[in-house]
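Presented below is the structure to which this report refers.
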Amino acid sequence: MTPEMILSFTIFLIAYAFLATEKVHRTLIALFGAVFMVFFGIFKDPASIYSEYIDFNTIFLLIGMMTFVNVIRKSGLFEFLGLEALKFSKGNMLKLYIYFVLIVALTSAVLDNVTTILVMLPITLAVADTTGIDPIPFILGEIFASNIGGAATLIGDPPNIMIGSAAKLHFSDFVMNLGPVLIIILVSVNLALILIFRKTLVKKVDNSLLTQSGSPITNKRHFYISIVLIFITVVLFVFQESLGFESSFIALMIASVSMLSMRAKEVEKTLEEVEWSTILFFVGLFIMVGALEETGFLEYLAGHILALSHGSYQLAKVFVVNISGFASAFIDNIPYTATMIPVIESMQKLNPHVFGNLEPMWWSLSLGACLGGNGTAIGASANVIGLALLKRYYGKEISFIQFFKYGIIVLLISLAISTIFLLFFL
């Protein structure tokens with residue numbers, strides 16, 4: 001390892017140690033980590049930070065969708081949907097949990113995970129507010145389901161888009177090859193979570209809440225406009241590739257349209273409610289991970305995965321899925337995947353006899369990179385956004401360590417099932 005690699009990795013580890021203690025606000029930690037990376041000369045050309053390492057598509061997607069959700073939340077739509085879901089489950093919290101988890105997993109397969117969480121969590125929190133039930137099992141279940149569901153399709157998670165492009169794989173390839181194992185992982189993970197949170201999930205809601213006469217809809221016109229805008233948003237996201245739009249453009253456009261009928265003061269208030277601390281946290285995190293990429297640390301890690309396999313295809317699959325899983329729990333899976341793609345391609349060049357067919361290796365990388373996000377509170381964008389919404393709108397907080405206690409169980413289950421699947425079925 002070069003001195004630059006050691007320095008960037010040291011700063012990264014110190015930042016994570018502070019994140020775990022939670023004695024300093026996570027946004028300050030991320031920003032100071034980014035500042036130190038620049039101050040110590042990690043980046044040869046600091047201007048490259050803005051052009052290469054900060055993912056502005058993600059940043060503007062977050063700003064747009066946060067703004068849009070803040071607008072439609074005021075119509076009472078989320079409370080209405082939450083109450084209807086509650087009635088449909090007949091007050092059974094376990095049924096309601098299963099419904100929400102399945103909806104999130106299926107939606108995340110066709111929409112961006114962040115968008116799914118931003119729409120679904122306010123509904124969940126509205127139910128928790130109405131019933132007085134602890135929302136944490138629901139929030140965690142939905143966060144984990146969004147990352148598992150996102151791994152199932154070509155468009156569900158950015159690493160899959162990158163892998164599909166590099167390996168010339170299609171939408172149906174991902175569904176057919178990864179769909180079955182991800183269904184098993186989703187079921188297994190949620191059986192474990194139901195067991196862990198059984199005391200909360202076995203509760204039944206008082207029937208009086210299901211028959212309450214008051215309507216949560218505050219403005220019928222605003223309510224119906226919100227439904228139309230959500231429908232348009234989903235359609236635009238599903239067809240964004242053929243339309244040639246970035247997800248961030250769609251989010252900002254919908255956010256702008258949703259505020260058209262507002263007065264100037266209402267627009268300002270809505271924009272103030274955006275989680276700006278979360279946005280800045282992502283900026284700092286992108287720069288820190290960019291420093292690891294700049295120094296070649298990610299490439300160094302990828303090279304060691306190849307060396308550990310000793311020319312064995314089976315070992316290579318095991319190392320790729322597991323190391324990718326644990327790595328993606330701590331670093332952004334997009335630069336990690338970008339680094340791993342040429343490494344996997346080089347396997348075929350170095351040993352064409354053993355690595356003649358690379359397709360199983362691509363599935364190994366996809367499973368590890370996408371599922372690894374469930375490991376820590378900042379392993380995936382959906383995690384960060386979900387926890388921020390929980391704190392802002394419900395006043396509850398899940399600490400880094402608390403999330404890790406559940407996340408590591410989910411990650412270990414996911415990687416164990418993925419490893420067995422790769423060894424015996426691919």
Count the heavy atoms belonging to other residues, nucleotides or ligands that lie under 6.0 Å from [atom1] of [X], then report whether that count exceeds 12.
X	atom1	value
F32	CZ	no
E246	CD	no
Y224	OH	no
F282	CZ	yes
K269	NZ	no
F88	CZ	no

Point to revise | Step-by-step ring-ring contact (aromatic ring centres under 6.0 Å, His included) determination, F144 to F403 | key: CA-CA 11 Å; F144 296 142; F403 186 99; 5.5 Å; yes
Between the side chains of [X] and [Y], does any donor sit under 3.5 Å from an acceptor?
X	Y	result
D134	T200	no
S381	N113	no
S248	N57	yes
T278	R26	yes
N147	N383	yes
Q314	K317	yes

Any side-chain heavy atom of [X] within less than 4.5 Å of one from [Y]?
X	Y	value
L422	P360	no
I385	M65	no
L31	F281	no
F286	I59	yes
I139	T124	yes
F330	L13	no
L415	L411	yes
F68	V119	no

Heavy-atom pair with the smallest gap, counting every atom of [X] and [Y]:
X	Y	answer
N160	A152	ND2-N, 4.4 Å
F100	M120	CD2-CE, 3.8 Å
S277	T27	O-OG1, 2.8 Å
G375	A329	CA-CB, 4.0 Å
W362	A167	NE1-CB, 3.3 Å
S89	K95	O-CD, 3.9 Å

Checking the side chain of [X] only, and the main-chain atoms of [Y] only, is there a donor and an acceptor separated by less than 3.5 Å?
X	Y	result
E266	R263	yes
N190	L186	yes
R198	L195	yes
S242	F239	yes
S258	A255	yes

**Study point:** Stepwise side chain to side chain donor-acceptor pair (under 3.5 Å) check, T295 with S8
**Key:** CA-CA 7 Å; T295 59; S8 63; 3.2 Å; yes
Check your understanding: In terms of the angle between their ring planes, are F404 and F400 parallel, tilted or perpendicular, with boundaries placed at 30° and 60°?
Key ->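 Geometry flag for F400 against F404: parallel rings.
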Distance check, rounded to the nearest 0.5 Å: [X] atom [atom1] versus [Y] atom [atom2]?
X	Y	atom1	atom2	value
L140	L387	CG	CG	7.5 Å
I163	D173	CD1	CG	12.5 Å
I185	L178	CD1	CG	9.0 Å
M253	L236	CE	CG	5.0 Å
L19	H25	CG	NE2	11.0 Å
F56	S51	CZ	OG	9.0 Å

Practice item. For residues F297 and F9, establish whether the separation of their ring centroids is below 6.0 Å. Key: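 Yes, ring centres under 6.0 Å apart.
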Exercise for review: Could you point out which residue of Y406, F138, Y97 forms a ring pair (Phe, Tyr, Trp, His ring centres under 6.0 Å) with F197?
Suggested key: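 Of Y406, F138, Y97, ring pair (Phe, Tyr, Trp, His ring centres under 6.0 Å) with F197 is met by Y406 alone.
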Practice item. With ring-ring contact (aromatic ring centres under 6.0 Å, His included) as the test, would you mind laying out the steps for W363 and F421 before giving the verdict? Key: CA-CA 10 Å; W363 304 136; F421 172 73; 9.3 Å; no
Practice item. For the pair N374 and S414, evaluate side chain to side chain donor-acceptor pair (under 3.5 Å) and give the outcome as yes or no after the intermediate values. Key: CA-CA 9 Å; N374 280 331; S414 302; 5.2 Å; no
